[in-house]
Amino acid sequence: YVGLFNWLFAKKHGGKFLLRIEDTDQVRSTPESEASIMRAMKWLDLAYDEGPDIGGPCGPYRQSERTEHYRVHTKLLLDKDLAYRCFCTEERLKERRAIQMAAKLPPGYDGSCRAIAKAESERRATAGEPFVVRLKVDKSGKTIVKDVLRGDIEFSHTEIDDQVLMKSDNFPTYHLANVVDDRLMGITHVLRAEEWISSTPKHVLLYQAFDWPAPVFCHLPLLRNADRTKISKRKNPTSLDWYRSQGYLQEALVNFLALMGFAPAEGEGSEVFDREQLLARFDLDKISIGGPVFDLTKLEWLNGEWIRRQSVEGLADRLLHFLAHDGPVEGRTRLPPRDLVLKIVPLIQERMKKLSEWDEWTDYFFKESVVLTKDAFRRAKLPPAQLAMVLTACADLLGKNSNIDHGRDEPALRELAGKLGVKVGDLFMSLRVAITGKSATPPLLESMELLGHATSVARLRAAAQFLAEGDPGEL
RNA sequence: GGCCCCAUCGUCCAGCCUGGCUAGGACAUCGCCCUUUCAAGGCGGUAACACGGGUUCAAAUCCCGUUGGGGUCACCA
């Protein structure tokens with residue numbers, strides 16, 4: 001979501017879009033988490049101009065490979081006396097916090113290590129005592145954060161902690177690494193989620209400490225769960241891999257994400273738009289600020305819209321690709337032949353909301369025989385004996401020809417219904433269940449054409465026999 | 001709890017800046033039409049300015065307060 005808006009903004013203004021991996025948490029960062037980010041960017045077609053896998057003039061693009069930069073810049077602040085070493089143990093800090101919380105005081109570092117003389121600090125560090133480096137925040141005064149969407153936001157310095165910049169493992173925190181890298185990589189605009197607002201004054205203070213101009217900040221609204229809390233994977237599918245495996249089209253997801261917090265200008269009509277149209281309409285200032293609830297219902301509708309916008313060939317190929325690579329049934333070995341898919345697609349295209357529905361719409365084309373139940377025939381509203389008679393009559397009628405032709409056979413079947421004294425709808429429903437095993441299906445006669453004459457007639461006879469054998473009382 | 005952000009139909013958005021609204025669109029929902037099923041499509045309906053004060057001829061729009069929701073207060077990002 002945030003990536004899309006960054007991409008749009010960069011493209012809109014002829015800027016560069018770079019991917020930087022912020023992997024300074026040595027516990028949480030894994031090759032898999034990085035791969036999943038890149039997979040997602042690739043799937044959504046948010047191509048970056050520079051990044052860890054393609055290089056660029058600002059590399060390296062993994063923070064774990066840029067530690068020298070952070071070391072140098074930390075030393076700079078230490079030398080200017082704008083930062084200091086803190087030797088407090090985690091236990092001491094935790095205890096402190098607990099006491100503060102209990103006393104209903106705002107938790108925060110008390111700055112006790114500020115008092116350690118420089119020479120003493122150097123000595124302890126050299127002796128190998130573990131420490132972190134903190135920013136020295138002047139507790140008087142205030143810092144104003146300029147946010148594109150919200151205007152000026154004021155923070156009193158009493159609210160700003162002496163932020164840790166360097167952790168005891170010699171890795172930087174987000175705050176330091178982000179500021180240093182944004183400067184070094186020439187980042188002009190920071191578009192990130194709203195949850196960062198309260199850390200932004202710390203970043204502004206850091207820019208000031210380095211004597212650098214701050215970039216433009218724009219905090220995007222946080223996507224929400226249905227209960228309005230910040231979106232989480234417990235309450236919502238947040239992995240892009242999930243959407244792909246569910247058969248959502250990349251275009252639909254981008255379209256949907258764009259709609260969260262953004263609307264096409266008045267009079268521009270449809271909410272269904274492609275990348276190009278989105279880019280043309282995109283405007284940072286038009287982003288709405290309330291946290292949108294992430295609601296899959298509208299996404300499903302949009303996905304259906306996008307499925308219907310595909311050409312038959314295009315959809316067939318996407319289905320094939322989905323079945324082979326993305327679907328819930330991973331790496332399916334038996335793929336339907338492309339020429340058959342091409343013929344089935346027109347029958348299901350306007351019925352499908354997700355690619356993953358392929359199996360439920362088309363299973364009867366691929367099964368040897370369909371599973372029949374009396375219950376399935378209920379909607380034909382005829383007693384079993386009559387059902388069997390109707391099906392036999394239909395089989396006889398169709399059996400006279402050597403193929404199925406919906407243009408010729410449909411009127412003939414209607415006529416037959418009249419002769420047999422059953423409703424047209426009931427006759428077709430009984431056929432439908434006999435052929436497919438269910439009462440909601442793609443167009444029937446066209447399906448039978450694809451199934452083939454022999455199979456179709458055989459299924460009718462099998463169903464007639466099944467019904468004739470059954471206990472009439474059951475219906 | 002402190003600080004910060006936010007507040008229009010069930011949901012997403014428009015309208016707010018630059019007061020004039022019988023508050024508009026989309027999804028969902030309900031009804032009708034089309035129809036051999038299911039869809040798709042067409043037509044129509046239900047449905048919202050959180051509350052209280054102010055300013056004004058006039059407030060969804062401007063101001064203040066209240067309430068509600070969210071975020072954040074880590075050697076996580």
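Sequence lines set the chain letters: A, B, ... in the order given, protein chains first and strands last, and positions in each chain run from 1.
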Undergrad: Under 4.0 Å, counting only non-hydrogen atoms across every strand here, what does Glu90(A) touch: a base, just sugar-phosphate, or nothing?
TA: base
Undergrad: Considering only side-chain heavy atoms of Glu195(A), which listed nucleotide, C27(B), U72(B), C5(B), is closest?
TA: U72(B)
Undergrad: What integer distance in Å separates Leu259(A):CG from A26(B):P?
TA: 13 Å
Undergrad: Under 4.0 Å between any heavy atoms, over every strand shown, what does Gly108(A) touch: base, sugar-phosphate, or nothing? Just pick one.
TA: nothing
Undergrad: Whole angstrom is fine here: how far is it from CZ in Arg228(A) over to P in G71(B)?
TA: 12 Å
Undergrad: Between A26(B) and Lys298(A), counting only base atoms on the nucleotide and side-chain atoms on the residue, is there a donor-acceptor pair under 3.5 Å?
TA: yes
Undergrad: Regarding Arg28(A), tell me which of base, sugar-phosphate or nothing describes its non-hydrogen contacts under 4.0 Å with the strands shown.
TA: base
Undergrad: Can you tell me the pairing partner of A50(B) across any strand shown, Watson-Crick or G-U wobble, with both distances under 3.5 angstrom?
TA: U66(B)
Undergrad: Using the C1' atom on both, measure A59(B) against A50(B) and round to a whole Å.
TA: 16 Å
Undergrad: Whole Å only: how far is the CG atom of Asp23(A) from the P atom of C75(B)?
TA: 20 Å
Undergrad: In whole Å, measure the gap between the P atoms of C5(B) and G65(B) for me.
TA: 13 Å
Undergrad: Looking only at N and O atoms, is any donor in the side chain of Glu271(A) or the base of G25(B) less than 3.5 Å from an acceptor on the other one?
TA: yes
Undergrad: Using OP1 and OP2 only, check whether a side-chain N or O of Arg351(A) sits under 4.0 Å from U37(B).
TA: no
Undergrad: Without decimals, in angstroms, what is the distance between Ile289(A) CD1 and A7(B) P?
TA: 7 Å
Undergrad: Does the ring centre of Phe5(A) sit less than 6.0 Å away from the ring centre of Phe9(A)?
TA: no
Undergrad: Ignoring backbone atoms, test whether Thr24(A) places a side-chain nitrogen or oxygen under 4.0 Å from the OP1 or OP2 oxygen of A77(B).
TA: yes
Undergrad: How long is the line joining CZ of Arg92(A) and P of C75(B), in whole Å?
TA: 12 Å
Undergrad: Return the nucleotide paired to A26(B): Watson-Crick means purine N1 to pyrimidine N3 with N6-O4 or O6-N4, wobble means G-U with N1-O2 and O6-N3, both under 3.5 Å.
TA: U11(B)
Undergrad: For Pro411(A), report the nucleic acid contact type (base, sugar-phosphate, nothing); a contact means any heavy atom under 4.0 Å.
TA: nothing
Undergrad: Using purine N1 to pyrimidine N3 plus N6-O4 or O6-N4 for Watson-Crick, or N1-O2 and O6-N3 for G-U wobble, both under 3.5 Å, which nucleotide pairs with U55(B)?
TA: none
Undergrad: State which of C4(B), A28(B), C76(B) makes the closest approach to the side chain of Lys167(A).
TA: C76(B)
Undergrad: Base, sugar-phosphate, or nothing: which does Thr229(A) touch, judged by heavy atoms less than 4.0 Å apart?
TA: sugar-phosphate
Undergrad: Under a 3.5 Å limit for both distances, which nucleotide forms a Watson-Crick or G-U wobble pair with G41(B), could you say?
TA: C33(B)
Undergrad: In the structure I gave you, are the side-chain heavy atoms of Cys218(A) and Leu220(A) within less than 4.5 Å of one another anywhere?
TA: yes
Undergrad: Taking the six-membered ring of Phe131(A) as reference, does the cationic atom of Lys167(A) (NZ for Lys, CZ for Arg) lie under 6.0 Å from its centre and within 45° of its axis?
TA: no
Undergrad: To the nearest Å, give me how far apart CG (Leu220(A)) and C1' (C6(B)) are.
TA: 14 Å
Undergrad: Parallel, tilted or perpendicular, judged at 30° and 60°: which one describes the rings of Phe217(A) and His219(A)?
TA: parallel
Undergrad: Take atom P in C63(B) and the same atom in U55(B), then report the distance between them in whole Å.
TA: 15 Å
Undergrad: Would you measure the distance from the P atom in U37(B) across to the matching atom in G20(B) and give it in whole Å?
TA: 50 Å
Undergrad: If the cut-off is 4.0 Å, is Arg308(A) near the phosphate of A39(B), judged by side-chain N/O to OP1 or OP2?
TA: no
Undergrad: Among U37(B), C13(B), C12(B), find the nucleotide with the atom closest to the side chain of Ala263(A).
TA: C13(B)
Undergrad: Tell me, please, whether Tyr207(A) has Arg183(A) positioned over its six-membered ring: NZ or CZ under 6.0 Å from the ring centre and within 45 degrees of its axis?
TA: no
Undergrad: Quick one: is Arg97(A) getting a side-chain N or O under 4.0 Å of the A74(B) phosphate, OP1 or OP2?
TA: yes
Undergrad: So what does Pro443(A) touch, heavy atoms closer than 4.0 Å: a base, only the sugar-phosphate, or nothing?
TA: base
Undergrad: What integer number of Å spans the P atoms of C21(B) and U61(B)?
TA: 14 Å
Undergrad: Any donor-acceptor pair under 3.5 Å joining the side chain of Ser168(A) to the base of C75(B)?
TA: yes
Undergrad: Of the nucleotides U11(B), G69(B), C76(B), which has the atom closest to the Asp25(A) side chain?
TA: C76(B)
Undergrad: Among the nucleotides C76(B), C12(B), A40(B), which one has an atom lying closest to any side-chain atom of Lys353(A)?
TA: A40(B)
Undergrad: Any luck finding a side-chain donor-acceptor pair between Asn170(A) and Tyr70(A) under 3.5 Å?
TA: no
Undergrad: Please state the C1' separation for the pair G41(B) and G24(B) - nearest whole angstrom.
TA: 23 Å
Undergrad: Considering every strand and a 4.0 Å limit on heavy-atom distances, what is the contact class for Glu305(A): base, sugar-phosphate, or nothing?
TA: sugar-phosphate
Undergrad: Which value, in whole Å, describes the distance between the P atoms of nucleotides C43(B) and C51(B)?
TA: 34 Å
Undergrad: From the set C4(B), U36(B), U11(B), return the single nucleotide nearest to any side-chain atom of Glu410(A).
TA: U36(B)
Undergrad: Picking from C75(B), A40(B), C5(B), which would you name as closest to the side chain of Arg134(A)?
TA: C75(B)
Undergrad: Looking at Arg414(A), I'd like to know whether one of its side-chain N or O atoms comes within less than 4.0 Å of OP1 or OP2 on U36(B).
TA: yes
Undergrad: Going by atom types alone, do Thr229(A) and Asn225(A) pair a side-chain donor with an acceptor below 3.5 Å?
TA: yes
Undergrad: Searching all strands shown, indicate the nucleotide that pairs with U72(B) (Watson-Crick or G-U wobble; both distances under 3.5 Å).
TA: G2(B)
Undergrad: Side chain of Glu350(A): nearest nucleotide among U37(B), C5(B), A40(B)?
TA: A40(B)
Undergrad: Just say parallel, tilted or perpendicular for the rings of His203(A) and His175(A), cut-offs at 30° and 60°.
TA: tilted
Undergrad: With sugar-phosphate meaning primed atoms plus P, OP1 and OP2, does Thr297(A) contact a base, only sugar-phosphate, or nothing at under 4.0 Å between heavy atoms?
TA: sugar-phosphate
Undergrad: Which word best sums up how the rings of Phe256(A) and Phe294(A) line up, parallel for under 30°, tilted for 30 to 60°, or perpendicular for over 60°?
TA: perpendicular
Undergrad: Mind checking who U61(B) pairs with, Watson-Crick or G-U wobble, both distances under 3.5 Å?
TA: none
Undergrad: Pick the P atom in G70(B) and in G15(B), then give their distance to the nearest Å.
TA: 26 Å
Undergrad: Can you check the Trp196(A) CH2 to U72(B) P distance for me, whole Å?
TA: 9 Å
Undergrad: Go through the steps for Leu445(A) and Asp409(A) under the test side-chain contact (heavy atoms from CB on, under 4.5 Å), then give the verdict.
TA: CA-CA 8 Å; Leu445(A) 274 296; Asp409(A) 295 333; 4.1 Å; yes
Undergrad: Of the candidate nucleotides U36(B), C4(B), G71(B), which contains the atom at the shortest distance from the side chain of Lys230(A)?
TA: G71(B)
Undergrad: Both Met260(A) and Leu93(A) contact RNA chain B. Taking the nearest nucleotide for each, which residue is further toward the 5' end?
TA: Met260(A)
Undergrad: Does Ser288(A) have a side-chain nitrogen or oxygen under 4.0 Å from the phosphate oxygens OP1 or OP2 of C13(B)?
TA: yes
Undergrad: Can you work out whether Val132(A) or Ala440(A) has the more 5'-proximal nearest nucleotide on RNA chain B?
TA: Ala440(A)
Undergrad: How close or far is atom C1' of C6(B) from atom CD of Glu194(A), stated in whole angstroms?
TA: 7 Å
